[in-house]
Amino acid sequence: MNLSYRGFLWLVSAVAVFILAGASAAIFPVLTGGSANKKVAVEIAGARVSAYVAESREERERGLAGRTFLRESEGMLFKTEKPELQVFWMKGMLIPIDIIWVRDGVVIGAETNVPPPLGASVDTALIRYPSPLFVDQVLEVPAGFVERHKISTGDRVEIKASE
């Protein structure tokens with residue numbers, strides 16, 4: 001074995017370790033019942049959604065990125081400790097979604113049929129979707145959900161522990 005071949009093997013081994021570490025970090029919370037696995041039931045305009053709760057900073061940043069599908073009754077709920085302006089983007093998103101802005105248990109607006117980014121190679125090129133007012137919850141659901149369930153400003157949103 002010559003020195004350059006050993007160097008190549010070391011490099012391949014190091015890359016494999018980093019890939020495995022990253023994959024373990026991504027799925028460990030799911031396997032151990034961590035917060036990435038926490039779900040709540042969200043009732044809105046007669047519709048019920050089983051929503052993953054994005055609790056940690058990493059979960060909020062990742063959101064639904066990388067998902068290739070989202071069932072009609074699935075979503076992701078983002079909560080803040082106090083009402084604030086929120087800005088969402090579609091970094092890493094592969095599917096279109098609706099974004100529902102909520103304050104004090106009431107829908108205050110929605111962005112509908114938000115598409116995944118097309119060809120944005122840098123974060124600064126991604127379109128931002130700001131909340132219309134200060135919000136304390138944001139619900140992401142499949143694109144078209146707001147229209148199909150006739151959700152509108154003023155609708156009540158109820159969050160319950162998942163069954």
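Remember, it's a predicted structure, so these values are computed and weren't measured experimentally.
Members clustered with F134: L85, by chain and number, using a 4.5 Å side-chain heavy-atom cutoff among hydrophobic residues.
Put simply, the side chain of E111 does not reach to within 4.5 Å of the side chain of F88, judged on heavy atoms. In this structure, the side chains of V157 and L139 stay at 4.5 Å or more apart for every pair of heavy atoms.
Partners of R71 according to the side chain to side chain donor-acceptor pair (under 3.5 Å) rule, which considers only residues two or more places apart in sequence or in another chain, are E74. Checked against side-chain contact (heavy atoms from CB on, under 4.5 Å), E81 has no partners two or more places apart in sequence or in another chain. Scanning for side chain to side chain donor-acceptor pair (under 3.5 Å) contacts around R148 gives E72, with sequence neighbours left out. With sequence neighbours excluded, no residue forms a salt bridge (Lys or Arg N to Asp or Glu O under 4.0 Å) with R156. Applying the side-chain contact (heavy atoms from CB on, under 4.5 Å) test to T80 and every residue at least two apart in sequence or in another chain returns E84, Q86, D136. Applying the side-chain contact (heavy atoms from CB on, under 4.5 Å) test to E43 and every residue at least two apart in sequence or in another chain returns R48, E158, K160. For the side chain to side chain donor-acceptor pair (under 3.5 Å) test, residues two or more places apart in sequence or in another chain that qualify with E61 are R57. Not a single side chain to side chain donor-acceptor pair (under 3.5 Å) links Q137 to another residue, sequence neighbours left out.
The minimum heavy-atom distance between L126 and P117, with the atom names listed, is CD2-CB, 3.5 Å.
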Without placing hydrogens or testing angles, list every side-chain donor-acceptor pair under 3.5 Å for residues 90-106, not counting sequence neighbours.
{"unit_1": "K91", "atom_1": "NZ", "unit_2": "D123", "atom_2": "OD2", "d": "3.1"}
{"unit_1": "D98", "atom_1": "OD1", "unit_2": "N113", "atom_2": "N", "d": "2.7"}
{"unit_1": "D98", "atom_1": "OD1", "unit_2": "G144", "atom_2": "N", "d": "3.2"}
{"unit_1": "D98", "atom_1": "OD2", "unit_2": "G144", "atom_2": "N", "d": "3.2"}
{"unit_1": "D98", "atom_1": "OD2", "unit_2": "F145", "atom_2": "N", "d": "3.0"}
{"unit_1": "D98", "atom_1": "OD2", "unit_2": "V146", "atom_2": "N", "d": "2.8"}

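Between the CZ atom in R67 and the CE atom in M76 there is a gap of 6.5 Å [rounded to 0.5 Å].
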